[in-house]
Protein chains: 2
Amino acid sequence: MSAETWLEQLHDNGYRITAARRAVVDTVFSSTHALTPSEVHDAARKKYRALGLVTVYRTLEKLEELHLVQRVHQPMGCQAFIAAGIGHQHLLLCQQCGRVEFFEGDDLDALTSSIAKKTGYQIKEHWLQLFGLCSDCK
Amino acid sequence: MSAETWLEQLHDNGYRITAARRAVVDTVFSSTHALTPSEVHDAARKKYRALGLVTVYRTLEKLEELHLVQRVHQPMGCQAFIAAGIGHQHLLLCQQCGRVEFFEGDDLDALTSSIAKKTGYQIKEHWLQLFGLCSDCK
DNA sequence: TTCTTTATTGAAAATCATTTTCAATAATTA
DNA sequence: TAATTATTGAAAATGATTTTCAATAAAGAA
Ligand SMILES: [Mn+2]
Ligand SMILES: [Mn+2]
Ligand SMILES: [Zn+2]
Ligand SMILES: [Zn+2]
């Protein structure tokens, strides 16, 4: 899979291929880091100087819609708060009404050591979050 | 654990107990939904009309620092993007340099059905994300 | 209790991120 | 090539968050 594939996919979905989109696609396609719209803008402007930030937002929107990019959540990123769980717990959210529950008892040790071995990372923590419908909403 | 405990903890850490903080604490402590600063403001103003939105931000900041509240990430919340993984994959992020890897092979079926039974939720999807240090950074 | 000190407050202003509007431009296809 | 229409970037509008500041109120000392 190459950056060209992304452009083809855009085209196949009725979107035009432009210099601006090329620059954004090339940038995001090959990045090994999660990039904010502003970071994409800075990087992509090296390839296409006239690129506007608005176009970056609009192109990311389309790439997300086509499932070519995905969002990366980082610790300080979302502004929504709930009373913290006690000890090691994770969240379960209702996709309909927003109700939040905590659960515990996950065991990811086998998984994390296998991933650590495969990737060479030293794994420090994990996030696990479940989504579904609560008893009222389902 | 009660809302009073949170106020005591604030006090024990050198913060003063005020009507504004009481209102925010009472609101967040007892919520079953994740609340944005603005939602906290709306709700808490029913208890303390003069409450300013700025104070909500400042109080949440302190509650987070004391680990009394935690952030809740929701699908559209974070603006940072990366080329999507193919099929069912999850992310591993380097806390030092931001490098992102994908991994697969997690099996959470046993866990999710156990949680479904315990909570009455119908579980539709899960997020799993690992954090650590990449081979260069560790 | 009263006094003193100093953290905390809310309003307003400033900043930063995101979205909308719009006329000019460029990609598509007939 | 010409006509159509999606796309563009600039600028303006909106929305969220942070900073500044003078007034106030909590806490501890007297
Ligand atoms: Mn866990
Ligand atoms: Mn999985
Ligand atoms: Zn997030
Ligand atoms: Zn690293």
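Naming: A, B, ... by sequence-line order, numbering from 1 per chain. Just so it is clear, the values below take in all heavy atoms, side chains as well, and ignore hydrogens, waters and symmetry mates.
If you check residues 43-51 of chain B against DNA chain C, the residues with a heavy atom closer than 4.0 Å are Y48(B), A50(B), L51(B), listed by number. If you check residues 13-27 of chain A against DNA chain D, the residues with a heavy atom closer than 4.0 Å are Y15(A), R16(A), T18(A), A20(A), R21(A), listed by number.
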If you look only at distance, which donor and acceptor atoms sit under 3.5 Å apart when one is on a side chain in residues 127-137 of chain A and the other is two or more places apart or in another chain?
none

Which atom pairs, one a donor and one an acceptor, fall under 3.5 Å between side chains of residues 68-80 of chain A and the rest of the protein, sequence neighbours left out?
{"unit_1": "R71(A)", "atom_1": "NE", "unit_2": "E64(A)", "atom_2": "OE2", "d": "2.7"}
{"unit_1": "R71(A)", "atom_1": "NH1", "unit_2": "M76(B)", "atom_2": "O", "d": "3.1"}
{"unit_1": "R71(A)", "atom_1": "NH1", "unit_2": "C78(B)", "atom_2": "O", "d": "3.1"}
{"unit_1": "R71(A)", "atom_1": "NH2", "unit_2": "E64(A)", "atom_2": "OE1", "d": "3.1"}
{"unit_1": "H73(A)", "atom_1": "ND1", "unit_2": "H73(B)", "atom_2": "ND1", "d": "3.2"}

Mark up nucleotides 16-21 of chain C, 5' to 3', with B wherever a protein heavy atom is under 4.0 angstrom from a base atom, S wherever such an atom reaches only the sugar-phosphate, and - elsewhere.
-SSBBB
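The shortest side-chain heavy-atom distance between E101(A) and H90(A) does not fall under the 4.5 Å cut-off. Using a 4.5 Å heavy-atom threshold, the side chains of V100(B) and T32(A) count as separate. Side-chain contact check for L10(A) versus V25(A): some heavy-atom pair is nearer than 4.5 Å. Put simply, the side chain of L92(B) does not reach to within 4.5 Å of the side chain of F102(B), judged on heavy atoms.
Listed by first then second residue, pairs satisfying ring pair (Phe, Tyr, Trp, His ring centres under 6.0 Å) with a partner in residues 40-70 of chain B number zero, not counting sequence neighbours. Screening residues 38-49 of chain B for salt bridge (Lys or Arg N to Asp or Glu O under 4.0 Å) gives no qualifying pairs among residues at least two apart or on separate chains. A salt bridge (Lys or Arg N to Asp or Glu O under 4.0 Å) check over residues 10-34 of chain B, counting only residues at least two apart or in different chains, returns the pairs E4(B)-R22(B). The salt bridge (Lys or Arg N to Asp or Glu O under 4.0 Å) pairs that include a residue from residues 107-124 of chain A number zero, where partners must be two or more places apart or lie in different chains.
The ring pair (Phe, Tyr, Trp, His ring centres under 6.0 Å) test applied to Y15(A) returns no partner, not counting sequence neighbours. In this structure F29(A) satisfies the ring pair (Phe, Tyr, Trp, His ring centres under 6.0 Å) test together with W6(A), sequence neighbours excluded.
One N or O on the side chain of T112(B) and one on the backbone of L108(B) form a donor-acceptor pair closer than 3.5 Å.
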Please produce a list of atom pairs where a protein N or O lies less than 3.5 Å from an N or O of nucleotides 28-30 of chain D.
none

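Across the protein-nucleic acid pair, L60(B) atom CG and dT18(D) atom C1' stand 14 Å apart, rounded to whole Å. Atom pair M76(B):CE and dA16(D):P shows a separation of 17 Å (rounding to whole Å applied).
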